[in-house]
Amino acid sequence: MPELPEVETIRRTLENRVKGSKIDRVLLYWNKSVEGWDGQKFEDIVEGQRIESLERRGKYLLITLDGGWSLVAHMRMTGRLVYFPEAQVPDKHTHVVFVLEAGELHFSDIRKFGRIKAVPTPDRLLHPSLKILGPEPLEEDFTVGYLVLALARKKVNLKTALLDQTVLAGLGNIYVDEALFLAGLSPERLANSLSPEEIEKLHKAIQTVLQAGIDAQGTSFRDYRDANGEKGSFQRELKVYGRAIEPCYTCGRPLERKRLGGRTTVFCSHCQN
DNA sequence: ACTAACCTGTAA
DNA sequence: TTACAGGTTAGT
């Protein structure tokens, strides 16, 4: 579910709610949602620690605690982190409850793919799956020059290349399709076949779409909610994702649906070349 | 470079 | 009943 704009929105809304507060207790309802580093028990690591800061890297949320540990969370498809000011009876999909000094933080996940792992704070970015991530698309190290180099060595189609988190951290199925539409590029194009002008358009489109997603507080196509339990609004601005067969807003022709890189891809074969 | 696996819910 | 869903990883 959450891609970069959604995780960033969770980070921001959560920061307002829980930064500085102490985690008194951890209640586990489904053990596989959490892992403790080196087999240490998750609850023992976390209980009694205060939340110092919240960061995001790609689609990962990093919650740093004051006792030398950090929580690395990934929501995968349907994970949510929602804050409640008052104690709440956990619903059937809530797998972890963090009881805070004031209020509770509930991790719920219908499909149970999401994970929260406790790691020593200095190692939080060295975790294998984080270490391999490409640059942050909205930071300065994501330059046109970088994208030129990164795409040059990919022998796959554009859709597959942009979903690859080692190329760029944080794009998922929604925002890749939207960025490619905005850039006027076909998802079927070979990643190493783009002209410098096309790469520049793509670079711009990726940043524009992600920033718009953040500004809209994410895309609530179905399950996504922020830390206040609120929906985002970017679903109202989607040009192609979820619109297969429907008319292209630019040319009126029906949008195409194809499976690329193992994911459903929607695009306009007339406007995207 | 594809596919299955991890899971549950919803819609066709 | 089957297909499919904002993701990642471990197998061919």
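Just so you know, these numbers come straight off a predicted model, no measurement behind them. To find a chain, count down the sequence lines: A is the first, B the second, and so on, and within it residues start at 1.
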Flag the pair A:Glu43 and A:Arg25 as a salt bridge only when some basic side-chain nitrogen lies within less than 4.0 angstrom of an acidic carboxylate oxygen.
->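 Not counted as a salt bridge, because no side-chain N and carboxylate O are separated by less than 4.0 Å.
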Hey, do the aromatic rings of A:His106 and A:Phe98 have their centres closer than 6.0 Å?
->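 Ring centres of A:Phe98 and A:His106 not closer than 6.0 Å.
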Tell me, which of residues 238-246 of chain A have any heavy atom that sits under 4.0 Å from an atom in DNA chain C?
->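 Here the set is A:Tyr241.
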Which ones in residues 254-266 of chain A lie close to DNA chain C, meaning a heavy atom under 4.0 Å from one of its atoms?
->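 Nucleic-acid contacts, sorted: A:Arg259, A:Arg263, A:Thr264.
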Is [X] close enough to [N] that one of its side-chain N or O atoms is under 4.0 Å from OP1 or OP2 there?
X        : N     : result
A:Ser129 : C:dT9 : yes
A:His74  : C:dT8 : yes
A:Lys59  : C:dG7 : yes

ring-ring contact (aromatic ring centres under 6.0 Å, His included) between A:Phe234 and A:Tyr175, worked out | CA-CA 10 Å; A:Phe234 198 67; A:Tyr175 294 95; 5.7 Å; yes
Under 3.5 Å side-chain donor-acceptor pair for [X] and [Y]:
X        : Y        : answer
A:Thr265 : A:Lys258 : no
A:His270 : A:Arg253 : yes
A:Thr64  : A:Glu52  : no
A:Gln40  : A:Asp44  : no

Any idea if C:dG7 is syn or anti, going by the 90°-from-0 cut?
->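 Anti for C:dG7; the angle lies over 90° from 0.
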Going by the ring pair (Phe, Tyr, Trp, His ring centres under 6.0 Å) test, which pairs reach into residues 22-57 of chain A, not counting sequence neighbours?
->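 Listed once each, the pairs are A:Trp30-A:His95.
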Value in whole Å for how far the [atom2] atom of [N] lies from [atom1] of [X]:
X        : N     : atom1 : atom2 : answer
A:Gln165 : C:dT9 : CD    : C1'   : 13 Å
A:Arg225 : C:dG6 : CZ    : P     : 16 Å
A:Phe221 : C:dG7 : CZ    : P     : 13 Å
A:Ile10  : C:dG7 : CD1   : P     : 13 Å
A:Arg222 : C:dC4 : CZ    : P     : 12 Å
A:Leu168 : C:dG6 : CG    : P     : 19 Å
A:Leu162 : C:dT8 : CG    : P     : 14 Å
A:Leu61  : C:dG7 : CG    : C1'   : 16 Å

Does A:Ile110 have any side chain to side chain contact (heavy atoms under 4.5 Å, CB included) partners at least two apart in sequence or in another chain, and if so, which?
->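 Counting only residues at least two positions away or on another chain, A:Ile110 forms a side chain to side chain contact (heavy atoms under 4.5 Å, CB included) with A:Thr78, A:His93, A:Asp223.
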Spacing of the [atom1] atoms in [M] and [N] (rounded, Å):
N     : M      : atom1 : value
C:dT1 : B:dC7  : P     : 22 Å
B:dG9 : C:dT8  : P     : 22 Å
C:dT2 : B:dA4  : P     : 16 Å
C:dG6 : B:dA11 : P     : 15 Å

Are any protein N/O atoms closer than 3.5 Å to N/O atoms in nucleotides 6-8 of chain B? If there are, list each pair with its distance.
from, atom 1, to, atom 2, distance (Å)
B:dC7, OP1, A:Lys32, NZ, 2.4
B:dC7, O4', A:Arg111, O, 3.4
B:dC7, O2, A:Arg111, NE, 2.9
B:dC7, N3, A:Arg111, NH2, 3.2
B:dT8, OP1, A:Lys112, NZ, 3.1
B:dT8, O4', A:Ile110, O, 3.3

Closest contact, heavy atoms only, A:Pro187 versus A:Gln272 =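 Heavy atoms of A:Pro187 and A:Gln272 come nearest at CD-NE2, 3.9 Å.
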Answer yes or no: is there a side-chain heavy-atom contact under 4.5 Å between A:Val266 and A:Tyr241?
->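 In short, these two side chains do not touch, never coming nearer than 4.5 Å.
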Side chains of A:Leu138 and A:Gln211: does their closest heavy-atom pair fall under 4.5 Å?
->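 SC-SC contact between A:Leu138 and A:Gln211 confirmed.
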Pairing annotation in dot-bracket form, given for DNA chain B with Watson-Crick or G-U pairs under 3.5 Å and | for cross-strand partners | ||||||.|||||
Give the C-alpha distance, both sets of side-chain angles, the deciding distance and a yes or no for salt bridge (charged side-chain N to carboxylate O under 4.0 Å, His left out) between A:Arg11 and A:Glu8.
-> CA-CA 5 Å; A:Arg11 191 195 69 75; A:Glu8 178 59 21; 3.1 Å; yes
Rounded to the nearest 0.5 Å, how far apart are OG1 of A:Thr13 and CZ of A:Arg17?
->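 Those atoms lie 8.5 Å apart.
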Of the options A:Glu230, A:Arg80, A:Glu6, which is the one that meets A:Arg225 in a side-chain contact (heavy atoms from CB on, under 4.5 Å)?
->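 Filter result, single survivor: A:Arg80.
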